[in-house]
Amino acid sequence: MKKIFDGKKTVKLGSEKNPAFVTVQTEERSKEVVSIFEKNGWKYTIGLEPDKPEDITDLEILLNPPKTMIAEKRVGRNEPCPCGSGKKYKKCCGK
């Protein structure tokens, strides 16, 4: 059985304890990626592997962090219906 929560804090990607790992195919591409990491002050590890496809998912995550989703406020069953009928939601659109 696998534990879901182990009680340990997750470490931020691009930090000293959790550097971003990127693999590239050429030395020229490696220099481009290094300049991006250096400009933003992120810690990184780059693997130069010409025979494998490029993997820059960690860099993409750092450049485009996920946005926080905000849930819409739901209509309560005893509140007026948002359609404008004047009835309670449970008697109108909330069937």
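Note that this is a predicted model, so its numbers are computed, not measured.
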Would Arg29 and Glu32 satisfy salt bridge (charged side-chain N to carboxylate O under 4.0 Å, His left out), going step by step from the backbone distance to the final call?
CA-CA 5 Å; Arg29 179 69 173 143; Glu32 292 175 20; 3.0 Å; yes
Side chain to side chain contact (heavy atoms under 4.5 Å, CB included) between Thr10 and Asn18, intermediate numbers included
CA-CA 9 Å; Thr10 57; Asn18 187 17; over 6 Å; no
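Side-chain contact between Ile36 and Leu62 is absent, with no heavy atoms from C-beta onward closer than 4.5 Å. Counting heavy atoms from C-beta on, the side chains of Tyr89 and Cys81 come closer than 4.5 Å.
Between the side chain of Asp58 and the main chain of Phe21, a donor-acceptor pair closer than 3.5 Å is present.
When the shell of 6.0 Å around CD of Glu38 is examined, it contains more than 12 heavy atoms from other residues, nucleotides or ligands.
In the hydrophobic clustering of ILVMFWY residues, with side-chain heavy atoms under 4.5 Å counting as a link, Val11 and Leu13 come out apart.
Aromatic ring pairs are classed by plane angle as parallel below 30°, tilted from 30° to 60° and perpendicular above 60°; the pair Phe37 and Trp42 is perpendicular.
Side-chain contact, Lys90 with Asn78: a donor N or O sits under 3.5 Å from an acceptor N or O.
Residues meeting the side chain to side chain donor-acceptor pair (under 3.5 Å) test with Gln25, sequence neighbours left out: none. In this view, Asp51 and Glu49 satisfy the side-chain contact (heavy atoms from CB on, under 4.5 Å) rule, not counting sequence neighbours.
Residues Pro80 and Val75 share a closest heavy-atom pair of O-CG1, 4.2 Å. For the pair Cys92 and Lys87, the tightest heavy-atom approach, listed with the atom from each and the gap, is CB-CB, 4.1 Å.
A salt bridge (charged side-chain N to carboxylate O under 4.0 Å, His left out) check over residues 63-75, counting only residues at least two apart or in different chains, returns nothing.
The distance from the OG atom of Ser30 to the CG atom of Leu48 is 6.0 Å, given to the nearest 0.5 Å.
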